[in-house]
Amino acid sequence: SGGGTLELASGTLTLTGSAVNISSGTMFHQSGGTVTGAGGLLVNGEYSFTDGTHGGTGTTTISSTGNGSITGAFSKTISRMIVNDGSLVWSGATVTFSSGAGLTNNGTFDAQSVSGVLGSGGNGSIVNNGTFSRTTGTVNAQIATAFINNGTTNIQSGTLQSTLSTSGSGAFVINTGSKYILSSGNHTLDGNTISGGGTLELASGTLTLTGSPVNITSGTLFHQNGGI
């Protein structure tokens, strides 16, 4: 607490026992090193991850009052569960998911990265129960792990490409001029509503339609230029 910053710059930080509480107005900044251990990290203030490995068998939780950012030019590795109940922004370089990695978004997640890859390595999954957005960027950012959309995915700018799998029955709102691309892998849609005036594109891989019909609303395009 206190409004300052606890920074891990190098070495190893082991979390054990009860969750470490980063209080409102205070920041935990990982600029290097390795986080490990079975203990939790509860962020009621600010979380910043710019370099290193964020691992261990515990869970990092960004509370409904917390804010987080994954930024910077250095590639990073996540090998622990992250639960976002607040606000989390990814605007930096590629983020590798290794064994034990996972991201559950119950709040708002903004994929602002210019051309990075989220979930490189294909381990773990991203489960969206809230709003998963791309608000900036004119080029292609990629999700390279399983993406399960139970909430709303909102592509306001540029392109978001799923290269392993997309599933879930949540909505996709794709703005005019923007795209959500399904490529490689196996993708499944079930009763989703696709709206916004943009394009849902199947570029390669397999798209399986199950259950209720997928609704492509007026002004929105489904474009198949590959795949099955």
query: Can you name the residues that form a salt bridge (Lys or Arg N to Asp or Glu O under 4.0 Å) with Glu201, not counting sequence neighbours?
result: Lys179
- prompt: Looking only at heavy atoms, what is the nearest atom pair of Ala203 and Ser183, with distance?
  reply: CB-CB, 4.3 Å
- line: The reported gap from OG1 in Thr199 to CG in Asn175 (rounded to nearest 0.5 angstrom) is 11.5 Å
message: When you compare the side chain of Phe109 with that of Leu118, does any pair of heavy atoms fall below 4.5 Å?
response: yes
field: Shortest non-hydrogen contact between His187 and Thr166, atoms and distance
entry: ND1-N, 2.9 Å
Cluster link Ile62 to Val20, ILVMFWY, side chain under 4.5 Å: yes
Distance-only donor-acceptor hits, side chain of residues 88-104, under 3.5 Å, sequence neighbours excluded:
residue: Trp90; atom: NE1; partner: Ala93; partner atom: O; Å: 3.1
residue: Thr94; atom: OG1; partner: Val117; partner atom: N; Å: 3.3

query: Of all heavy-atom pairs between Gly116 and Ser113, which one has the smallest distance, and what is that distance?
result: N-OG, 3.1 Å
- request: Go through the structure and list residues passing side-chain contact (heavy atoms from CB on, under 4.5 Å) with Thr14, not counting sequence neighbours.
  value: Thr12, Thr16, Thr36
- prompt: Looking at residues at least two apart in the chain, or sitting in another chain, which of them share a side-chain hydrogen bond (donor to acceptor under 3.5 Å, both in side chains) with Asp51?
  reply: none
- prompt: Within the side chain of Ser69, is there an N or O that forms a donor-acceptor pair under 3.5 Å with the backbone of Ser48?
  reply: no
query: Going by side-chain heavy atoms closer than 4.5 Å, which hydrophobic residues are tied to Val139, directly or by a chain of links?
result: Val114
field: Contacts of type ring-ring contact (aromatic ring centres under 6.0 Å, His included), residue Phe172, not counting sequence neighbours
entry: Tyr180
field: Hphob cluster co-occupancy, Leu42 + Met27, side-chain heavy atoms under 4.5 angstrom
entry: no
task: Please report the shortest heavy-atom distance between Ile228 and Leu202, naming the atom on each side.
output: O-CD2, 3.8 Å
message: Within this structure, what is the OG-CG distance for the pair Ser120 and Leu164, rounded to the nearest 0.5 Å?
response: 11.0 Å
message: Please say yes or no: joined through hydrophobic side-chain contacts below 4.5 Å, possibly via intermediate residues, are Leu160 and Leu221 part of one cluster?
response: no
- prompt: Hey, mind stepping through Ser63 and Thr65 against side chain to side chain donor-acceptor pair (under 3.5 Å) and telling me if it holds?
  reply: CA-CA 5 Å; Ser63 77; Thr65 61; 3.0 Å; yes
task: Working to the nearest 0.5 Å, report the span between CD1 of Ile22 and OG1 of Thr61.
output: 12.0 Å
Euclidean distance, Ser64 OG relative to Asn84 CG, rounded to 0.5 Å: 10.0 Å
message: Has Arg134 got a side-chain atom pairing as donor or acceptor with Ile155's backbone, closer than 3.5 angstrom?
response: no
- prompt: Which atoms form the tightest heavy-atom contact between Thr53 and Gln30, and what is the distance?
  reply: O-NE2, 3.0 Å
- request: Give, for atom CG of Asn215 and atom OG1 of Thr193, the distance between the pair rounded to the nearest 0.5 Å.
  value: 4.5 Å
field: Same apolar cluster: Ile194 and Leu209, side chain cutoff 4.5 Å
entry: yes
message: Other members of the hydrophobic cluster containing Ile181, with the 4.5 Å side-chain heavy-atom rule, please.
response: none
query: Within the distance-only criterion (no hydrogens, no angle test), does the side chain of Asn192 pair as donor or acceptor with the backbone N or O of Gly170 below 3.5 angstrom?
result: yes
task: Can you sort out the partners of Thr60 under side-chain hydrogen bond (donor to acceptor under 3.5 Å, both in side chains), two or more places apart, ordered by chain and number?
output: His54, Arg80
query: Side chains of Ser169 and Asp190: donor-acceptor distance under 3.5 Å anywhere?
result: no
field: side-chain hydrogen bond (donor to acceptor under 3.5 Å, both in side chains) partners of Asn140, counting only residues at least two apart
entry: Gln161
- line: Note: Ile78 and Ile70 closest approach over all heavy atoms is CD1-CD1, 4.5 Å
message: Who clusters with Val127? Use side-chain heavy atoms, under 4.5 angstrom, across I, L, V, M, F, W and Y, and order the result by chain and number.
response: Ile148
Asn186 (side chain) donor-acceptor with Ser165 (main chain) under 3.5 angstrom: no
- line: side-chain contact (heavy atoms from CB on, under 4.5 Å) filter on Asn128, not counting sequence neighbours, yields Asn105, Phe132, Phe147, Asn149, Thr153
field: Heavy-atom check, side chain of Thr220 versus side chain of Leu200, under 4.5 Å
entry: no
query: What distance separates Ile82 CD1 from Ile126 CD1, expressed to the nearest 0.5 Å?
result: 10.0 Å
- prompt: Do the non-hydrogen side-chain atoms of Leu13 and Phe28 ever get within less than 4.5 Å of each other?
  reply: yes
query: Is the backbone of Thr71 close enough, under 3.5 Å, to the side chain of Thr50 for a donor and an acceptor to pair up by distance?
result: no
query: In this structure, are over 12 heavy atoms from other groups packed under 6.0 Å from Phe222 atom CZ?
result: yes
Partner residues of Asp110 under the side-chain hydrogen bond (donor to acceptor under 3.5 Å, both in side chains) criterion, sequence neighbours left out: Gln112, Thr135
